[in-house]
There are 2 protein chains.
Amino acid sequence: MQTAPATTGIDPAAPATPMRAGGPAAAARGEAPAMGIARSVHKDEEIYGEGDEARWYFKVTAGVVRTCKILSDGRRQIEAFHVAGDIFGIERGTDYHCSAEAVGEAVVVAYRRCSLEILAAGDMPLARQVVATALLNLERAQQHMILLGRKSATEKVATFLLEMADRVHVDAIELPMSRSDIADYLGLTIETVSRTLTQLERDGVIALPAARRNIVLRNKAALRRLNA
Amino acid sequence: MQTAPATTGIDPAAPATPMRAGGPAAAARGEAPAMGIARSVHKDEEIYGEGDEARWYFKVTAGVVRTCKILSDGRRQIEAFHVAGDIFGIERGTDYHCSAEAVGEAVVVAYRRCSLEILAAGDMPLARQVVATALLNLERAQQHMILLGRKSATEKVATFLLEMADRVHVDAIELPMSRSDIADYLGLTIETVSRTLTQLERDGVIALPAARRNIVLRNKAALRRLNA
DNA sequence: CGCTACTTTGATCATACTCAAGCCGAGTGG
DNA sequence: CCACTCGGCTTGAGTATGATCAAAGTAGCG
């Protein structure tokens, strides 16, 4: 078991306003197993950088977090968007392989790094969660690879919209991310994303209300057909 | 599907102690020993299909295995090539999310499915291996996503060649896979792969001996520069 | 030797990118 | 309240990269 308190001193990954979730109080109440440090992150604030030492892993409590890689010349690929309940930042080695940033205002809970060594500790529920998370993220990555490698722009956007809608279980989505984020997630440019959305609107498949971050799926069947 | 008899000592990296995952029941039914069943697979033979029930996971002993997804219209994305020592086929749910096929003649060792439940069995070395494998495959998938989403054809091919050379630690590669496999791995067409290789040869970066499956890296520095 | 599958090469085309301008809403200050 | 700016988004024109279609070259194998 880990202890959340400041035995480690100031946590470089949790500066400004660290709140405690779990902690001694929770432990006293016998709350299992999740002890971690809640941290609120501002829009575009970095949670950790690629190459940083991976001393924590995180669970999203509120908002959305993106994990991404950046090439030397600035080209960016967003690997995944993580929403409430999602876990990210579990690494095999000592360092993070992606960087993580808040898409908007977000709250994450930081847990002490646990990867292979956690298994030795014999905390089975935790180990189970770690494995399940890793495998879930792998599944999503595999799914995303066929999108990046083999789908057209229209198919990419359609898949994206359905993915987002599925997470909310509603057909009126309020996208938390910018066109730029969408583009870097889908391997497109912002112009192509914009044009594709406009075209889908013309075709009556979606509606784009004045606030451009809102999207209404008018014809899910058509989207699924585009989904390939 | 050919299954060879159990070959208990053949895999040096297999757990030294019998797994309990199969359980006494399996042994009583005279089923496969928990240690693993070696199986030789022919070129292009399917090891498992996407959607099949994931009752085994595999380690490559010889040859190369590809895991891939296929869209309804036949477009294919190869998620990874697995070489000797690599483990594939570990799933979170009940089914495989990719299909797996031998690239050439290959030998794999099948182990009874173990994912989350293995942790309950208390076999720590095995659990550790499972987790490490999942995380390694995730890292590779992340690395591959930025290639698929953001790299040019030349950069993709350069990255691929360096990747292959790294696996062999030699600068003269004998590619086990066809142009078609390379194309579907890199998200390109076979024509583009061929043209790119020809261009790299013209530039003196690589040499393409008569047997077109062979490639000599003449100028690794140049390749690394293209690697972005 | 001749088939077949794989690869290379060529010509043309289309998709998505680049560069550029304009639009719109939110926030700010006169 | 309006004018202004600023950032994000959309739209347009032209282009380039990689796809498609087609054909020819090459190796492996009966």
Side-chain angles (χ1 to χ4, degrees), chain A residues 42-44 66 71 73-77 103-105 147-161 173-203 206-215 226 228, chain B residues 42-44 71 73-77 103-105 147-160 173-203 206-215 226 228:
Chain A
H42 295 298
K43 181 168 151 60
D44 294 326
R66 60 175 179 254
L71 294 177
D73 63 355
R75 280 175 288 175
R76 183 178 70 151
Q77 177 64 49
V103 167
E105 298 297 308
L147 176 144
L148 291 171
R150 287 299 180 214
K151 290 192 181 179
S152 70
T154 308
E155 289 168 339
K156 284 176 174 180
V157 171
T159 303
F160 172 73
L161 292 176
I173 319 169
E174 189 181 330
L175 295 177
M177 71 287 287
S178 66
R179 296 287 187 267
S180 172
D181 282 338
I182 300 173
D184 286 347
Y185 180 59
L186 299 179
L188 298 171
T189 58
I190 53 172
E191 293 96 331
T192 300
V193 170
S194 183
R195 274 187 252 272
T196 305
L197 286 171
T198 303
Q199 188 57 49
L200 287 173
E201 185 181 35
R202 279 204 201 99
D203 298 346
I206 62 172
L208 295 168
R212 267 33 232 317
R213 293 279 179 102
N214 288 33
I215 297 185
L226 288 171
Chain B
H42 295 298
K43 181 167 148 61
D44 295 326
L71 294 177
D73 63 354
R75 280 174 289 175
R76 184 178 69 150
Q77 178 64 49
V103 168
E105 299 297 309
L147 177 145
L148 291 172
R150 288 299 180 215
K151 291 192 182 178
S152 69
T154 308
E155 290 169 338
K156 284 176 175 181
V157 170
T159 303
F160 172 74
I173 319 168
E174 190 181 330
L175 294 176
M177 70 288 286
S178 66
R179 296 287 186 268
S180 172
D181 282 337
I182 299 172
D184 286 347
Y185 179 58
L186 300 179
L188 298 170
T189 58
I190 53 172
E191 292 95 331
T192 298
V193 170
S194 182
R195 273 186 253 272
T196 305
L197 287 171
T198 304
Q199 188 57 48
L200 287 174
E201 185 182 34
R202 279 204 201 99
D203 298 346
I206 62 172
L208 295 168
R212 269 29 236 314
R213 292 281 178 102
N214 287 33
I215 297 186
L226 288 170

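Protein chains get the first letters and strands the later ones, always in sequence-line order, with residue 1 at the start of each. What you see is a predicted model, and the numbers here were worked out from it, not measured in a lab. Side-chain atoms are counted along with the backbone in the values below, which use heavy atoms only and exclude waters and symmetry mates.
Within residues 187-194 of chain A, the residues having any heavy atom under 4.0 Å from DNA chain C are, by residue number, A:G187, A:L188, A:T189, A:E191, A:T192.
Between B:K43 and B:T198, the residue anchored nearer the 5' end of DNA chain C, judged by the nucleotide with its closest heavy atom, is B:K43. Judged by closest nucleotide on DNA chain D, A:S180 is the one of A:R150 and A:S180 placed further toward the 5' end.
Distances were taken from every side-chain heavy atom of A:R195 (C-beta onward) to each of D:dG8, D:dT11, C:dC6; the shortest belongs to D:dT11. Distances from the side chain of A:A153 to the nucleotides D:dT10, C:dT7, C:dA16 place C:dA16 closest.
Look at CG on A:L186: it is 18 Å from P on C:dT15, rounded to the nearest Å. Note: CZ (B:R213) to C1' (C:dA5) measures 10 Å, nearest angstrom. B:I215 places its CD1 atom 13 Å from the C1' atom of C:dT8, with the value rounded to the nearest Å. Rounded to a whole Å, the CG atom of A:N214 is 14 Å from the C1' atom of D:dC9. At whole-Å resolution of the value, CG in A:L208 and C1' in D:dT11 are 14 Å apart. For B:Q199 and C:dT8, the CD to C1' distance is 14 Å, given to the nearest whole Å. When rounded to the nearest whole Å, the span between CZ of A:R75 and P of C:dA16 equals 18 Å. One can place CG of A:D73 at 11 Å from P of C:dT18, the figure rounded to the nearest angstrom.
Between A:D181 and A:R76 the shortest heavy-atom distance is OD1-NH2, 2.9 Å. Between B:T154 and B:T196, the shortest heavy-atom contact is CA-CG2, 3.8 Å. Closest approach of B:L148 to B:G187, counting heavy atoms only: CD2-N, 3.9 Å. The heavy-atom pair separating B:R212 from B:R179 by the smallest distance is O-NH2, 2.9 Å.
We find the CZ-CG distance between B:F160 and B:L197 to be 8.5 Å, quoted to the nearest 0.5 Å.
Between the side chain of A:R150 and the backbone N or O of B:R75 there is no donor-acceptor pair closer than 3.5 Å.
At D:dT26, none of the side-chain N or O atoms of B:R212 fall inside 4.0 Å of OP1 or OP2 (strictly under the cut-off).
Using a 4.5 Å heavy-atom cutoff, the side chains of A:L186 and A:K151 are not in contact.
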